[in-house]
Student: 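Got a structure for you, written out below as C-alpha cells; questions coming shortly.
Counting convention: from 1, in listed order, for ligands and their atoms alike. Note that the structure is predicted; figures quoted are calculated from it, not measured.
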Amino acid sequence: MNTPPIALAVILACGTVGSLQAGEQLSPAVNYQLRCAGCHGQNGMGVPDGGIPPFPGFIDGFLATEKGRLYLMHVPGIGSASLSDAEISGVVNYVARRWGEPDAAVQAFTPDEVNVLRAKPVKDVVALRREVVVEMRKAGKSVPDYPWP
Ligand code: HEC
C-alpha cells in the first residue's frame, strides 16, 4: 500500500517532536524561529515603524557595555520567554553572531551571566534603552532608527 505524501509528512513531523526528550534543549536557531522571528523577522530587520528595532549593524553595540547587556536581558521577548538561562544565552549569542560584525569581538553571554542579569530589577526597560543609546552614541556606535530612541 502506498502512503500518501501528506500522511507521510505528518508521521515524520510527529516523529521529530516525539523524539524530543523532556528537558532536552532546542538549538538556538530553532528557538530564534519559535520565540523571536515573529517580531524580529527571519532577516533580523524587525518592524522599525511598529516599534521592533533591527539587529544588523547595531546589535554589537548593545553587547559592548554592562548597561547594554543588562538591557538585553530585560527586552520584552527575553524577559517574558519561558527559556532557561542556557537557552537565552544560546539564542542571544546566535543573534549576535548572525547579525553582528564578524570582527566585532563581542563577549558571548554565559548562562551564569544571564542568571545574574535577569535577577536584577529593571523598572523601565524603555528608559534603560535610552541610557544605553546615549552611551552607544558617545562611543561613536551607530544606533537604529527607531521610534523610541
Ligand atoms: C512580542 C514581540 C517580540 C518578541 C517575540 C521578541 N522581541 Fe526582542 N524586542 C522587541 C521589542 C519591542 C524590542 C525593543 C524594546 C525597547 O524599546 O525597549 C526588542 C528588543 C530586542 C533586542 C535589543 C535591540 C534594540 O535595538 O533595542 C534584542 C537583542 C532582542 N529584542 C532579542 C530578542 C530575542 C533573542 C527574542 C527571542 C527569544 C526576542 N527578542 C523576542 C519585541 C520582541
Student: For residues Arg130 and Val126, determine if any side-chain heavy atom of one lies less than 4.5 Å from a side-chain heavy atom of the other.
Tutor: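 They are in side-chain contact.
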Student: Under the salt bridge (charged side-chain N to carboxylate O under 4.0 Å, His left out) test, which residues partner Asp60, sequence neighbours left out?
Tutor: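 Salt bridge (charged side-chain N to carboxylate O under 4.0 Å, His left out) check on Asp60 returns nothing, list empty.
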Student: If I consider every N, O or S atom in His40, which one ends up closest to atom 8 (Fe) of ligand 1? I only need its name.
Tutor: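 Nearest N/O/S atom: NE2.
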Student: Determine, considering heavy atoms only, which of Gly50, Gly77, Pro53 sits nearest to atom 24 (C) of ligand 1.
Tutor: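 Looking at heavy atoms only, Pro53 sits closest to atom 24 (C) of ligand 1.
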Student: Taking the six-membered ring where the residue is Trp, are the ring centres of Trp99 and Tyr32 under 6.0 Å apart?
Tutor: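 Here the rings of Tyr32 and Trp99 have centres that are less than 6.0 Å from each other.
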Student: Can you confirm whether Val92 sits close enough to Met73 that some side-chain heavy atom of one is under 4.5 Å from a side-chain heavy atom of the other?
Tutor: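 Sidechains of Met73 and Val92: in contact.
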Student: Can you tell me how far the CD atom of Glu131 sits from the CG atom of Asp124, to the nearest 0.5 Å?
Tutor: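 Between Glu131 CD and Asp124 CG, I get 9.0 Å after rounding to 0.5 Å.
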Student: Is it true that Phe62 lies under 4.0 Å from ligand 1, counting heavy atoms only?
Tutor: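 Phe62 counts as a contact of ligand 1 under the 4.0 Å cut-off.
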Student: Can you tell me which residue among Val132, Val125, Val122 is in a side chain to side chain contact (heavy atoms under 4.5 Å, CB included) with Leu70?
Tutor: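 The single option meeting the side chain to side chain contact (heavy atoms under 4.5 Å, CB included) with Leu70 is Val122.
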Student: May I ask whether Gly38 places a heavy atom under 4.0 Å from ligand 1?
Tutor: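 No heavy atom of Gly38 comes that close to ligand 1.
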Student: I need the contact type for Ile59 against ligand 1. Using non-hydrogen atoms and a strict under-4.0 Å cut-off, is it side chain, backbone, both or neither?
Tutor: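 Near ligand 1, Ile59 shows its side chain, while the N, CA, C and O stay back.
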Student: Considering only heavy atoms of Phe55, which atoms of ligand 1 have at least one such atom less than 4.0 Å away?
Tutor: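 Listed by number with element: 22 (C), 28 (C), 29 (C), 30 (C), 32 (C).
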Student: Judged by non-hydrogen atoms, does Tyr32 sit under 4.0 Å from ligand 1?
Tutor: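 No, Tyr32 has no heavy atom closer than 4.0 Å to ligand 1.
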Student: Side chain, backbone, both or neither: which part of Cys36 has a heavy atom under 4.0 Å from ligand 1?
Tutor: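 Within the 4.0 Å criterion, Cys36 contacts ligand 1 through backbone and side-chain atoms alike.
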Student: Would you call Val143 a ligand 1 contact, heavy-atom distance under 4.0 Å?
Tutor: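 Under 4.0 Å: no for Val143.
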Student: Where does the angle between the aromatic ring planes of Phe55 and His40 fall among parallel (under 30°), tilted (30 to 60°) and perpendicular (over 60°)?
Tutor: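 Answer is parallel, since the angle falls under 30°.
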Student: Below 4.0 angstrom from a heavy atom of Leu72, which ligand 1 atoms are there? Numbered from 1 as shown, please.
Tutor: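 Once the distances to Leu72 are compared, the set is 23 (C), 29 (C).
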Student: Quick one: does Phe58's side chain get under 4.5 Å of Lys141's, heavy atoms only?
Tutor: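 Heavy-atom side-chain distance check fails, nothing below 4.5 Å.
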Student: May I ask whether Tyr94 has any heavy atom positioned less than 4.0 angstrom from an atom of ligand 1?
Tutor: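 Outside the 4.0 Å threshold, so no.
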Student: Using atom types as modelled, flag every donor-acceptor pair under 3.5 Å from a side chain in residues 101-114 to any protein atom, sequence neighbours excluded.
Tutor:
from	atom 1	to	atom 2	distance (Å)
Thr110	OG1	Glu113	N	3.1
Glu113	OE1	Arg69	NH2	2.9
Glu113	OE2	Arg69	NE	2.7

Student: Taking backbone and side chain together, does Cys39 place any N/O/S atom at a distance below 2.8 Å from atom 8 (Fe) of ligand 1?
Tutor: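 False for Cys39.
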Student: Looking only at heavy atoms, is any part of Tyr71 under 4.0 Å from ligand 1, and if so is it the side chain, the backbone, or both, or is it neither?
Tutor: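 Side chain only.
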